[in-house]
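Notes to accompany the following structure.
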Amino acid sequence: MKAHHGMYIGGEWRPAAGVDTIEVVNPVDEQVIGRVPAGTAADVGHAVRAARAALPGWAATPPTERAAKLAALRDVLVARKDEIAETVTAELGSPLPFSQAVHAGVPILVAGSYAELAATYAFEEKVGNSTVYHEPVGVVGAITPWNYPLHQIVAKVAPALAAGCTVVLKPAEDTPLTAQLFAEAVAEADLPAGVFNLVTGLGPVAGQALAEHPDVDLVSFTGSTAVGRRIGATAGAAVKRVALELGGKSANVILPSADLAKAVNVGVANVMSNSGQTCSAWTRMLVHTSQYEEAVGLAAAAATKYGDRIGPVVSAKQRSRVRSYIEKGIAEGARLVVGGPESPREQGYFISPTVFADVTPDMTIAQEEIFGPVLSIIRYEDEEEAVRIANGTVYGLAGAVWAAEEAEAVAFARRLDTGQVDINGGRFNPLAPFGGYKQSGVGRELGSHGLTEYLQTKSLQF
Ligand code: NAP
Ligand code: MG
């Protein structure tokens, strides 16, 4: 993948308004692998105009034709899946097999699901003496992070296009090459000019200009709670739709009847995959006091085995963030079982898989999102306490419950204040709504729930 020097606006690569660029760094060897333009408010303005101009035509395109275009886009992603995986590995640092299976594989599934939904969704319904039309919200400003660079783009762009909206995307500064590759795919799939536009740039410049642009009808943001709060406030002041997918501090609750070894091993893998940079990761493991030391031993062994298979975190900034959380864990009295703040390699932004035991629910490492390969194991005495601890953060994005009987796990899961729960290691479902309770966000992505975020209703009475 060769970096483009321009912005993808109105169906073509156009020179940026300014001259500043962003260096893209490979987190494995710290080498600069490309440069992309750092967009400004002027670029955002051009892109929003292009999206606005394309809106009436795309909104009026029959859903089955929009579906066919999305299927063509999915097919291009399939044809270029190796290049996608290599690009994500180059700028995010994740091991290639993970990039192939997840970073390339999941967006293909999601794009395919929206090709299908666009063709089958009831965009018109009868309610008594009314006909209700589900119409596109309009021009969407999408702002995405770097941790699942293509998935987070597709999880916004595919439903927006399926709904008949047009989009301006501002991807993360750390992973712009994947976003440029996506723009190439849009061009190759022959989507009409202006339905998708890309402005690379910095969050406080291009991102903020997009979130504040008066001609954007809906802002969909994934990233940190701090930035999400500001974007929500800006959107609220402008009476504009907003979707926020923010952080998490999810609990992996192992009930005493569960298969302990399986629950611990799957739990450790869940935290360590993508180097812990997953908003829905189960970063708190809750274990009954009677099984606590056994679980700690199993987790330590599993994390050690992970040791040399784990990729780096995305940037030097993230590495120092994660390290300071590990140091804080030690300072607040948690027991470091494996890993630690020291660099395991001389080059690259690597952090060793790290496991803390004797973590109490009020410690910083049990409350704040670390976004690195760090697991906290917390002890509970009874089920009531487990519920209290699991629900005892500002977040509520995901979680897991393990028990011998499914019904026992389901009963527990129903008491959790969280948007997704995996029962006994349940599989990822690209059609299930994904999103947060409490400060983990507003709105839902994926499947038909993700589609309705981009629709508004108009009722005609007869
Ligand atoms: P971030 O700053 O919230 O980045 C997310 C996106 O928002 C990026 O495209 C970013 O651009 C953009 N942005 C930044 N400031 C903005 C502003 N003022 N207005 C509009 N857009 C803005 O997150 P981060 O700095 O990459 O990561 C920090 C922490 O956030 C992580 O440690 C983690 O805890 C959390 N995080 C959560 C998720 C998630 O999936 N929920 C994803 C990533 C990070 P730039 O790329 O230029 O900053
Ligand atoms: Mg940032």
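In what follows, residues are counted from 1 in the order of the sequence shown. We count ligands from 1, going down the list as the structure has it; atoms in each ligand are counted the same way.
An N or O contact shorter than 3.5 Å is missing between D174 and ligand 1 by distance. Polar contact with ligand 1: present for L246 (N/O pair, distance under 3.5 Å). No N or O atom of T222 sits closer than 3.5 Å to an N or O atom of ligand 1.
R52 CZ: more than 12 foreign heavy atoms inside a 6.0 Å radius.
Taking the charged nitrogens against the carboxylate oxygens, E453 and R444 have no contact shorter than 4.0 Å, which rules out a salt bridge.
The shortest separation from a heavy atom of F221 to ligand 1 is under 4.0 Å, placing the residue in contact.
For residues 328-347, the set of pairs meeting the side chain to side chain donor-acceptor pair (under 3.5 Å) definition, not counting sequence neighbours, comprises E293-R335, R323-S343, E332-T364, R335-D358.
Taking E23 as the reference, R35 meet the salt bridge (Lys or Arg N to Asp or Glu O under 4.0 Å) condition, with sequence neighbours excluded.
At a heavy-atom cutoff of 4.0 Å, ligand 1 is contacted by the backbone of P171 but not by its side chain.
Atom 37 (C) of ligand 1 has its nearest heavy-atom neighbour, among G223, A209, A281, G247, in G223. Closest heavy-atom approach to atom 15 (N) of ligand 1 among the candidates V322, V227, V313: V227.
Under a 4.0 Å criterion applied to the non-hydrogen atoms of K317, ligand 1 contributes the atoms 25 (O).
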